[in-house]
Amino acid sequence: MKKYALFAAVIGLSISSAVTAAPINHLGTHDTAVGVGTKEAYIEHKATDEITIGVGRNDRDEYGNPKDVYMQYNLLGQNVRLMGGYRWGMDQANENNVYGGLALSTPTIPVIGFNAYASYIAGKDFNESQVGLNKSLIANLDLNVNYHNFKPDHGKRESGVGIGLTMSF
């Protein structure tokens, strides 16, 4: 079953025209999350208790379809994380960017299944912030609602509300 889910995620990443980075998910060690949203798609895996690795694809109005490979390092449980990554395929800037940032999230409220988060990343040619809310729909399916703000050094800013689904296994 995991092979089929992984295959579906890879296909989704390659053909999706799903403007934000991945939401901040609470995963257990060795869990994998696959998500699609308004203008993004991603897959991430929690490799150790502290480290999550992932890849993502965004659809930018003016910047094509940049791709990311990233890592999150838990500083204080899953509530404070350092983030770093590499973004390529930003058409206008014609630059590849190493970036870093920070994410904060609330613990998941057990009875109602909500958690909120905020993240900020910055690279040489851009910075991006996001705030959002994850809501558990069923055991391994979450709904994500977020607001993002993408600020490139050259060109037009993009911001807006997004919605997505994340499946973890």
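The residues of the chain are indexed from 1 along the displayed sequence. All values below were derived from every heavy atom in this structure, side-chain atoms included, with hydrogens, water molecules and symmetry-related copies excluded.
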Would you check if [X] and [Y] make a side-chain contact, meaning some heavy-atom pair closer than 4.5 Å?
{"X": "I24", "Y": "M83", "result": "yes"}
{"X": "N115", "Y": "I109", "result": "no"}
{"X": "Y117", "Y": "L133", "result": "no"}

Inset, instruction - Answer yes or no: is there a donor N or O on one side and an acceptor on the other, between the side chain of N74 and the main chain of V80, under 3.5 Å? - result: no

Legend entry - Donor-acceptor under 3.5 Å (T38 side chain, I163 main chain): yes

Mind checking side-chain contact (heavy atoms from CB on, under 4.5 Å) for [X] and listing every partner two or more places apart, or none if nothing turns up?
{"X": "I51", "answer": "T48, I53, M71, Y73"}
{"X": "L137", "answer": "K135, L141, L143, L165"}
{"X": "N140", "answer": "I138, M167, S168"}

Legend entry - Residues forming a side chain to side chain donor-acceptor pair (under 3.5 Å) with Q72, sequence neighbours excluded: R81

Legend entry - Results of side chain to side chain donor-acceptor pair (under 3.5 Å) for N127 - residues two or more places apart only: none

Shortest non-hydrogen contact from [X] toward [Y]:
{"X": "K124", "Y": "D153", "result": "O-OD2, 2.9 Å"}
{"X": "V131", "Y": "A118", "result": "CG1-CB, 3.8 Å"}
{"X": "N25", "Y": "E44", "result": "ND2-OE2, 2.9 Å"}
{"X": "Q130", "Y": "P23", "result": "NE2-CA, 3.7 Å"}
{"X": "Y70", "Y": "G56", "result": "CE2-N, 4.3 Å"}

Legend entry - Co-members of Y120 in a cluster of I, L, V, M, F, W and Y side chains, linked at under 4.5 Å: none

Legend entry - Hphob cluster co-occupancy, L27 + F169, side-chain heavy atoms under 4.5 angstrom: no

Inset, instruction - Please answer: with hydrophobic residues joined when any side-chain heavy atoms are less than 4.5 Å apart, are Y147 and L102 in the same cluster? - result: no

Inset, instruction - Give me the one residue out of V69, I121, V98 that meets side chain to side chain contact (heavy atoms under 4.5 Å, CB included) with R87. - result: I121

Between the side chains of [X] and [Y], does any donor sit under 3.5 Å from an acceptor?
{"X": "D142", "Y": "N134", "answer": "no"}
{"X": "Y99", "Y": "E128", "answer": "no"}
{"X": "T166", "Y": "Y42", "answer": "yes"}

Legend entry - Geometric cation-pi criterion, R157 with F150: 6.0 Å, 45°: no

Legend entry - Interatomic spacing from CG in L104 to CG in N79 - rounded to 0.5 Å: 9.0 Å

Inset, instruction - Determine, step by step, whether N58 and N65 satisfy the side-chain contact (heavy atoms from CB on, under 4.5 Å) criterion, reporting the C-alpha distance in whole Å, the side-chain angles of both residues, the deciding distance to 0.1 Å, and the verdict. - result: CA-CA 5 Å; N58 298 299; N65 299 312; over 6 Å; no

Legend entry - Working for side chain to side chain donor-acceptor pair (under 3.5 Å), residues H26 and S105: CA-CA 9 Å; H26 288 195; S105 71; 2.9 Å; yes

Legend entry - For H45, the option from T32, T52, D31 that meets side-chain hydrogen bond (donor to acceptor under 3.5 Å, both in side chains): T32

